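Heads up, the thing below is written out as structure tokens.
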Amino acid sequence: MSRVLDWLQLPEVASLHGATVDAMNEFLHLFMLVLFVGWTAFFLFCIWRFWHKRNPKADYVGVRGHASTHLEVSVVIIEAILLIGFAWPFWFQRVEAWPTGDDVVEVRAVAYQFGWAFHYPGQDGKFGRIDYGLYTENPVGLDKEDPNAADDFITVGNMTLPVDQPIIVHVSSRDVIHNLSMVPLRVSQDAMPNEDYPVWFTPTKIGEWEIICGQLCGAGHGSMRALYNVVSTGDYAKFLLENAPAPPVAAASQG
Ligand SMILES: [Cu+2]
């Protein structure tokens, strides 16, 4: 589905599903406009039609025609088509059709008062064990004793992602409810304390944008800002190499 119109002046889109979200938004605005004009016209017609000077005597029988019934039935049908034909399929596409395969990149985003920390699983693609009791030791609660954690790394205030690859971000919080909001990606996911809520998207543009917190989370909410970088596949490989923890000396000499 491409964008219906540009009249809502929505912000730049930088993800694969973003245009569909905008099209839905624009279509609904148009539909509401039609309903608003239609019902307002009906309201004005009623004021004119049932003006007391035109109807000096009250009619106790009431409306005899079926025009209003037909109108209401058509509204129900149109709304059912919207819900069943558009909203549900789109919703299922977002929540059921999760990306799988080797090119899927997974990151954890952990919110706290007032900032964001990001946890990368490293070359093995497996996150080390998470222990919410370990938030005092590192900002993402990673158990560094876990074998899967050996190549994991953490960044604070900046999330780097590759372009044109499906991304799953596991959103979590260390204290209160926050919200990972990345407007150009049309992604917004609540961060619940000690819970893992994943969200997925495919970035389509290289660049740097702001991550904002979409839930009023305390006095520093307005300054709870981070950045995300979408980079080329080559630059992302470089980023992973640069941030990969150095292999243990013993293992390196044996290898
Ligand atoms: Cu917040």
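Basis for what follows: all heavy atoms, side chains included, without hydrogens, waters or symmetry-related copies. Residues take their numbers from the sequence shown, with the count starting at 1. A quick note: this is a predicted structure, and the numbers were derived from the prediction, not measured. First listed ligand is number 1; within each ligand, the first listed atom is number 1.
The number of heavy-atom neighbours closer than 6.0 Å to CD of E145, taken from other residues, nucleotides and ligands shown, is 12 or below. Counting non-hydrogen atoms of neighbouring residues, nucleotides and ligands closer than 6.0 angstrom, the NE2 atom of H66 reaches no more than 12 such neighbours. Atom CZ of F43 has 12 or fewer heavy atoms from other residues, nucleotides or ligands within 6.0 Å.
In H178, the N, O or S atom that comes nearest to the Cu ion (ligand 1) is ND1.
With 2.8 Å as the limit, Q215 does not count as an N, O or S neighbour of the Cu ion (ligand 1). For the Cu ion (ligand 1), the N/O/S atoms of H221 include none lying under 2.8 Å.
No close placement of the Y135 and Y112 rings is indicated, their centers lying 6.0 Å or farther apart.
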